[in-house]
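A short write-up of the structure that comes next.
Please read all numbers here as calculations on a predicted model, not as lab measurements. Below, chains carry the letters A, B, ... as their sequence lines are ordered, and counting in each starts from 1.
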Amino acid sequence: MQETHDPSAYNPSAVEAAAQKFWSDTHAFEVSEDASRAKYYCLSMLPYPSGALHMGHVRNYTIGDVISRFQRMQGSNVLQPMAWDAFGLPAENAAIKRGIPPAKWTRENITHMRGQLKAMGFAIDWSREFATCDPDYYVHEQRMFVRLFKQGLVYRKMSVVNWDPVDQTVLANEQVVDGRGWRSGAVVEKREIPQWFLKITAYADELLDGLDKLPGWPEAVKVMQRNWLGRSEGLEIRFDVEDGGAIEVFTTRPDTLMGATCLAIAAEHPLAQEAARNNPALQAFIDECRKGGVSEAELETKEKRGIETGLYALHPVTGERVPIWIANFVLMNYGTGALMAVPAHDQRDWEFATKYDLPIKMVVVSDAVRDAIRELGRDAAENTDAMSAALGQSKAIDVVEPRPAEDVLPEFENSIITEGPFLEHGTLVNSGEYDGMDYRQAFDALAARFEREGRGKRQVNWRLRDWGVSRQRYWGCPIPIIHCPKCGAVPVPEDQLPVRLPEDVAFSGVQSPLKTDPEWRKTTCPECGGAAMRETDTFDTFMESSWYYARYCSPGAATQIDARANYWLPVDQYIGGIEHAILHLLYFRFYHKLLRDAGLVHSDEPATNLLCQGMVVAETFYRDSGLGARDSEEQQREWINPADVDIQRDEKGRVVGAILKADGLPVQIGATEKMSKSKNNGVDPQLMIDKFGADTVRLFSMFASPPDQSLEWNEAGVEGMSRFLKRFWRDVTSHVAKPDHPEFDPAAQDATQKTLRRQLHETIVKVGDDIGRRRNFNTAIAALMELLNALAKFDDMSDNGRALRHEVLETMVLLLNPFTPHASHALWQALGHEQALIEDVPWPKADPAALVRHSVTLAVQVNGKLRGTLEAGRDATREQLESAARALPGVVAAVGDKSVLKVVVVPGRIVNIVVG
RNA sequence: GCCGAAGUGGCGGAAUCGGUAGACGCAGCGGACUCAAAAUCCGCCGCCCUUAAAAGCGUGAGAGUUCGAGUCUCUCCUUCGGCACCA
């Protein structure tokens, strides 16, 4: 390589190795509690050790590192830790595929990926590292579970899972593809098995209210969590069943009760089971409902189907007979597993009623319809137009002929809705004594009535369900429970924890070794001493990732966490993928409240600021592989890695095609998608580090897009970053090679020097604001590039000019440090500093005198269109600005002989002349 | 199906509080240097019409609010993330 011939050229691998060695030798990132300094806890979501670092990791941890190093330069005591989310399904899959035990596979991956993270130069305190599969870690999780068990926050109940009837195993939702098991291809069934649950619903109110105390979290995440929690106020109402028994329904719209034309119950509802006993058609329908997976996406996109049971309930107000149906869209685990269908006022009920020809009865109307009805009551014939208009608004039928109100009204009330339901709140009609009431009045009146009659009550329902933590898998934390035939489920006593997961197992099949090994589970009951069996299920891996952030703060503690945690917590900045917006971040918040209620932490929320990064995407390329036409589109394509493709362009630079480097023949260009194995569009960070150096990779991943948007990997763009760094390196090294110069003298500066120095100090302000407040790293880097471009045009070799160049370069080394810490470390030394940059060199401060501007450029518009610009003093009056604007040639031409109607003057920004 | 987000030049993106649309980078084009290439440096670069200038058009589509809309409101389209056992 040419660089090696020029000693002043930038050599990233040598620069980075030297900087990393220095940081490691000086333990630069190992921190401890120090009450005299402001703490800053910067946390990135811990990686799953899948084998190798991917670009998503690079992006995530670079964001965290930029913020960490920036905060350190602000004088904070910064903690940035790292660990491994080591339990999980992929290790089992790898074990099946390659015959390696999950523990071995996982630990080898960790070793490899740790080396890759170190090569990126992240300012991580490695002394706090752990893996969640370490018994030293999960023992605390087991203890916590036992404590919660004793507090009644843990319970066991039957719960539905995906069952593969061929492999005889439980499948994760991910392993169900189009309703079939991914390995066996068998149609998946729903099966109920006993599982352990954590009572997260006991904290539902607090999880909801807490969102209002998190101004540093993205609004989108808070909205998603709010909707997920799904608090709704309604009425629980009992419908008596004609031949005995009763069905409880929950509704948020009791005002539509008179419009209920059917009850729908879940297939798993006891009444459905009962009705099917002597009815083969019902049983067949229920069996049909058992087919397919349990994921909500699958259930909700299924065709809405139902079957009449032949049973009738009695309407709680009118006493009318209401048919009872079994419907596949009623969820047994939400509300009561039964609902009243009001087709006129609910989208799904409307579709169901239309499909099965059930009556649709309108009982709520809009204000416009209400007014029309009132008008009609006075004089029907003359108000048909108003009626039509109102009916149109409520999507109801047309009224053709003027007719008396007494004819029109009943028809209107019963016939509504050829297009769809009326979903808004309104005024009740066709509801007997409740006619004329609004939503709130009807709600209160019916609630009072049912509470008096003992037929119903006000009820707050949540969409949130308790957290099912049982997994029928091997590679996870064992659930510390012993099943005794006499004493039932008994928690493992403290002194017998941890229940260790055996790691030296033969893992060849789909079954968990814990379940197939007849010896492992044998134990004695802690209560009666009799023979008993261990629980063979393991925890959901979200259990481990729900409290790791707290463990970092108490390395080596004998308890789960100790007092040191309250120095660091809450996390000041949490960073991770937007895909974790709901589940992980909700469990994370929940577990923090559990730790708080155990007296271990003092805060209510685990993290004050949250940044959700977007995905890393890349172009895809493929060839049709010519398999059979019956195969799906995906299977017919052979995906080609972007590294193996050359792009072809026309003379304007537009992409016209792509060819495979190997054979020179064309390939198809696909969509730009998330990097994945299946689309073969992943770019290996290691190759990029080897080719360009970690600083360039860091710089590009921060420059290509703002952190919350998706990032498109593009190697030509990486080369651009490499050019910038090389240029900067050369500028600094050639500057320091020249003779010394005196201090910069502001009193002696000329106009060009003043302009450059103002840009320098504006850049200090902007970069600090972009990193510290806006978290827009791309624009911070753009501003630094602009400054370097300006410096390239500055060829002043006078003493003052050289002194200013020194100030610019030295400041840029510091401003770039969060992004390119290795190069900055080396260049700081090159600039002659004894002290290493990491040894708490502070962030530069802008000089207010350098920032002063004496004039501003204003845009001048005529009727909102730009017709010129105006250079004006900061203190110019509105009148001065207006007359100067009106004198501009472009303005004179645009105004012509039209009359000026209005002039809008916004000092410092714009003059807009409105003519007519 | 439900919840959330995003759509701006050939491409990634900028425009921070409703005030000059396209900063910065990539790609492309032209030039300098070189025996030549690479690297580097300089210049041009939204579309349309044009010798040029000027005008006109332009932020997914359609409407609205405003002196002024990429930005606010409504409707729609497309793409992406999540949907409780992938992590």
Out of [options], whichever nucleotide has its closest atom nearest the side chain of [X]:
| X | options | result |
| --- | --- | --- |
| Lys902(A) | rC67(B), rC83(B), rC24(B) | rC67(B) |
| Ile578(A) | rG81(B), rA15(B), rU40(B) | rG81(B) |
| Pro90(A) | rC86(B), rG4(B), rG81(B) | rC86(B) |
| Thr779(A) | rC85(B), rC24(B), rA15(B) | rA15(B) |
| Asp769(A) | rU16(B), rA87(B), rC86(B) | rU16(B) |
| Thr301(A) | rC3(B), rG1(B), rG19(B) | rG1(B) |
| Met224(A) | rC85(B), rG25(B), rG4(B) | rG4(B) |

Could you check whether the side chain of [X] and the base of [N] have a donor-acceptor pair of N or O atoms closer than 3.5 Å, going by distance alone?
| X | N | value |
| --- | --- | --- |
| Lys766(A) | rU16(B) | yes |
| Arg727(A) | rU40(B) | no |
| Glu296(A) | rC3(B) | no |
| Asn912(A) | rC67(B) | yes |

Across the strands shown, which category fits [X] at heavy-atom distances under 4.0 angstrom: base, sugar-phosphate, nothing?
| X | value |
| --- | --- |
| Val223(A) | sugar-phosphate |
| Met45(A) | nothing |
| Arg723(A) | sugar-phosphate |
| Ala581(A) | nothing |
| Pro706(A) | sugar-phosphate |
| Val170(A) | base |
| Asn789(A) | sugar-phosphate |
| Thr541(A) | sugar-phosphate |

### Query
Once you round to the nearest 0.5 Å, how far does CD of Gln861(A) lie from CD1 of Ile913(A)?
10.0 Å
### Parallel, tilted or perpendicular, as decided by the 30° and 60° cut-offs, for the rings of Trp105(A) and Tyr48(A)
tilted
### Message
Between Asn778(A) and rA14(B), is there a contact of a side-chain N or O with OP1 or OP2 at under 4.0 Å?
### Response
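It does, given that an N or O in the side chain of Asn778(A) lies less than 4.0 Å from OP1 or OP2 of rA14(B).
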### Message
Looking at Arg465(A), I'd like to know whether one of its side-chain N or O atoms comes within less than 4.0 Å of OP1 or OP2 on rA84(B).
### Response
no
### Query
Partner of rA32(B) by Watson-Crick or G-U wobble geometry, both contacts under 3.5 Å, or none?
rU40(B)
#### Entry: G-U wobble or Watson-Crick pairing nucleotide for rG81(B) (cut-off 3.5 Å, both distances)
rC3(B)
Pairs under 3.5 Å (N/O, protein and nucleotides 6-12 of chain B):
| from | atom 1 | to | atom 2 | distance (Å) |
| --- | --- | --- | --- | --- |
| rG12(B) | O2' | Ala704(A) | O | 2.7 |

#### Entry: Side-chain ion pair, Glu786(A) and Lys766(A), N-O less than 4.0 Å
no
### Task
Using the side chain to side chain donor-acceptor pair (under 3.5 Å) rule, take Asp770(A) and Thr779(A) through it: C-alpha gap first, then chi angles, then the decisive distance, then the call.
CA-CA 7 Å; Asp770(A) 279 354; Thr779(A) 50; 2.8 Å; yes
